[in-house]
Protein chains: 2
Amino acid sequence: MSLNVAEILHSCRFFSEVQDKAFERLLRIARIAEFKSGSVIFRENQECPGVYAVGSGLVRVFKTATSGKEHTLHLVGPGDTFAEVAAIGGFPVPANAEAVADSRCVLLPRDPFRRALEEDHQLCLQMIAGFSYWVQHLVGLMGDVVLRDAVGRLARFLLNSEADATGMVALPSLKRHLASHLNLTSETFSRTLRRLVDAGVIAPGESNLVQIVNREKLRLIAEGLSPKV
Amino acid sequence: MSLNVAEILHSCRFFSEVQDKAFERLLRIARIAEFKSGSVIFRENQECPGVYAVGSGLVRVFKTATSGKEHTLHLVGPGDTFAEVAAIGGFPVPANAEAVADSRCVLLPRDPFRRALEEDHQLCLQMIAGFSYWVQHLVGLMGDVVLRDAVGRLARFLLNSEADATGMVALPSLKRHLASHLNLTSETFSRTLRRLVDAGVIAPGESNLVQIVNREKLRLIAEGLSPKV
DNA sequence: GCAAGCCATTGATTTACATCAAGCCGGGCG
DNA sequence: CGCCCGGCTTGATGTAAATCAATGGCTTGC
């Protein structure tokens, strides 16, 4: 039941609209890369192997300080890509990547991929669109980390996570990793979650599910407009 | 003595390598946009007018929180561009821009520019390279803000600023804006600068010049390896 | 089924930075 | 000239979140 290369690439927003001829070309250069949970995929400053597209599992992209503190930039799930930027730009990867669940990815090796880009205008345009998304995302993150406090960041994260009809959202991965993504320690993450529960805007579910009870209030909190939580 | 459109575009890393035919095309759609110091160029969420290339002056790109707090993402000087991402991606600008000195820019209006991109593969490849740079830059910033403390951020900023032979570096714009770029209040910025002076790694110069006295030690501080400053 | 480890939660304490509050200094303008 | 105003510095105090420390599940494996 595990997906093949073509299925993974198709499921990926970044490549989903690539045309037949260009797509065939990608297929020819692509190969599968699998990682066991906990294994490192690459380390900061290494040469970039190419573009990865996640088919299943979850990978965490993060920076480390000399102090040992980590910041997770991105939790990459199925349908998402990573290392595209370094692959295309031709510089070393600016962060670390590790699998946090058994993961199956497609790897488009850097050099053939870059050649494809140079020869295929459509593909090129696709990639540009993908990049725009990335930059927008990073600018958003930046604003979050800097301009919002702990509750604000968590509230916004919950709002942006997709919920099912009953308002249930699944927290990805370990809470600790999510905390690091929001620039919190796992302790304050825990306390902050609790504050939202106490304020009655979310309800704790089993394992790592939470239910959004009062979306409107959550939005106010995210904007820092709620008098106090 | 003010530059014309072609000169500005040529001086710009983003466009410097665009070929003759493509360049002519850009010239045809470009127009000059001038801004007096303090005037706002656009506000967050507005429709993106196009790509701006700064010829002279200085513009500040920043986000604002509902609390009123600001974070300056980028101080854009001559030879640099802004709003490229939103222009190409076709979404509203994700931040505010204002001139902090009388500024003369080239504006490449969004729609004709996008058409040029669609029809010109070389231009497209150029833009991709430019984007990679941007993402790399943002990831770096992100890491800075999150993983380093006040001295570390300032130290790294000084190291990355270009200095003349004597180690003099010019702080751009108001100190206040630089502070906001480093995610500090102007008070802590001031104090932090002083700490570095007291530690003997930099020396204060007139107006907004500082001299790097001990580059190696500064590097250690930036990496958080210096036992104490 | 019990021991060994992680992960999460909760509480007590510390700390880096923000905020509040004066002074200071240079420079534009009446 | 002397005034004022904006930007910078410096000091005193406040506070959000980190750190330190203890405990209570859950899993995993013998």
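If you're wondering where the values come from, they're calculated on a predicted model, not measured in any experiment. Naming convention: chains lettered A, B, ... in sequence-line order (proteins, then strands); numbering from 1 in each chain.
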Q: Whether the side chain of B:Glu187 and the base of C:dC20 hold a donor-acceptor pair under 3.5 Å is what I'd like checked.
A: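 By the distance-only test, yes, there is a pair.
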Q: Any base atoms under 4.0 Å from B:Asn183, or only sugar-phosphate, or nothing? Heavy atoms, all strands.
A: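 Sugar-phosphate, no base atom in range.
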Q: Considering only C:dA8, D:dG11, C:dC17, which nucleotide approaches the side chain of B:Ala150 most closely?
A: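 It is C:dC17.
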Q: Write down the distance between CZ (A:Arg176) and C1' (D:dC26), rounded to a whole number of angstrom.
A: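 Checked: the CZ to C1' distance equals 15 Å.
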Q: Counting only heavy atoms not in A:Glu44 (residues, nucleotides, ligands), do more than 12 fall under 6.0 Å from its CD?
A: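 More than 12 within 6.0 Å, yes.
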Q: Between A:Arg176 and A:Glu187, does a salt bridge (Lys or Arg N to Asp or Glu O under 4.0 Å) hold up when you go through it step by step?
A: CA-CA 9 Å; A:Arg176 164 158 52 94; A:Glu187 292 97 324; over 6 Å; no
Q: Should the ring pair A:Phe131 and B:Phe131 be called parallel, tilted or perpendicular, given that the plane angle runs from 0 to 90° and is split at 30 and 60?
A: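 A:Phe131 vs B:Phe131 ring planes: parallel.
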Q: Check each of B:Arg156, B:Arg153, B:Arg148 against B:Glu223 using the salt bridge (Lys or Arg N to Asp or Glu O under 4.0 Å) test, and report the only one that passes.
A: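 The salt bridge (Lys or Arg N to Asp or Glu O under 4.0 Å) with B:Glu223 is passed solely by B:Arg148 among B:Arg156, B:Arg153, B:Arg148.
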Q: Can you identify which nucleotide, out of C:dC17, D:dG7, D:dA18, has its nearest atom closest to the B:Arg195 side chain?
A: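 Closest nucleotide to the B:Arg195 side chain: C:dC17.
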Q: Reckon A:Lys175 has a side-chain N or O less than 4.0 Å from the OP1 or OP2 of C:dT9?
A: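 Yes.
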Q: Return the value, rounded to whole Å, for the distance between atom CG of A:Leu147 and atom P of D:dA16.
A: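 In whole Å, D:dA16 P and A:Leu147 CG are 17 Å from each other.
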Q: To the nearest Å, how far apart are A:Leu182 CG and D:dA16 C1'?
A: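 Whole-Å distance recorded here is 16 Å.
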Q: Can you tell me the distance, in whole Å, between the NZ atom of A:Lys69 and the P atom of D:dA17?
A: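 Atom NZ in A:Lys69 sits about 12 Å away from atom P in D:dA17.
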Q: Could you tell me how far apart A:Leu154 (CG) and D:dA17 (P) are, to the nearest whole angstrom?
A: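 In whole Å, D:dA17 P and A:Leu154 CG are 11 Å from each other.
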Q: Can you tell me how far P of D:dC8 sits from CG of B:Leu193, to the nearest Å?
A: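 So the CG-P distance, B:Leu193 to D:dC8, works out to 11 Å.
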Q: Counting only side-chain N and O atoms of A:Thr188, is one of them less than 4.0 Å from OP1 or OP2 of D:dA17?
A: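 Checking A:Thr188 against D:dA17: no side-chain N or O falls below 4.0 Å of OP1 or OP2.
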Q: Send over the distance from B:Leu184 CG to C:dA16 P, rounded to a whole Å.
A: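 Computing the B:Leu184:CG to C:dA16:P distance gives 14 Å.
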Q: Does OP1 or OP2 of C:dA18 have a side-chain N or O of B:Thr185 closer than 4.0 Å?
A: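 Answer yes for this pair, as a side-chain N or O of B:Thr185 is under 4.0 Å from OP1 or OP2.
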Q: Side chain of A:Leu174 only, please: which of D:dA18, C:dC7, C:dC17 is the nearest?
A: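 Nearest listed nucleotide: C:dC7.
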Q: Take atom CG of B:Asp149 and atom C1' of D:dA18, then tell me their distance rounded to the nearest Å.
A: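 Rounded to the whole Å, the gap is 13 Å.
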Q: Please confirm whether the shortest side-chain N or O distance from B:Ser186 to OP1 or OP2 of D:dC8 is below 4.0 Å.
A: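 No, outside the criterion.
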Q: Do the side chains of A:Phe82 and A:Arg60 get nearer than 4.5 Å, heavy atoms only?
A: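 In short, these two side chains do not touch, never coming nearer than 4.5 Å.
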Q: Mind checking B:Arg191 for me? I need base, sugar-phosphate or nothing, with any heavy atom below 4.0 Å counting as a touch.
A: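 Touches a base.
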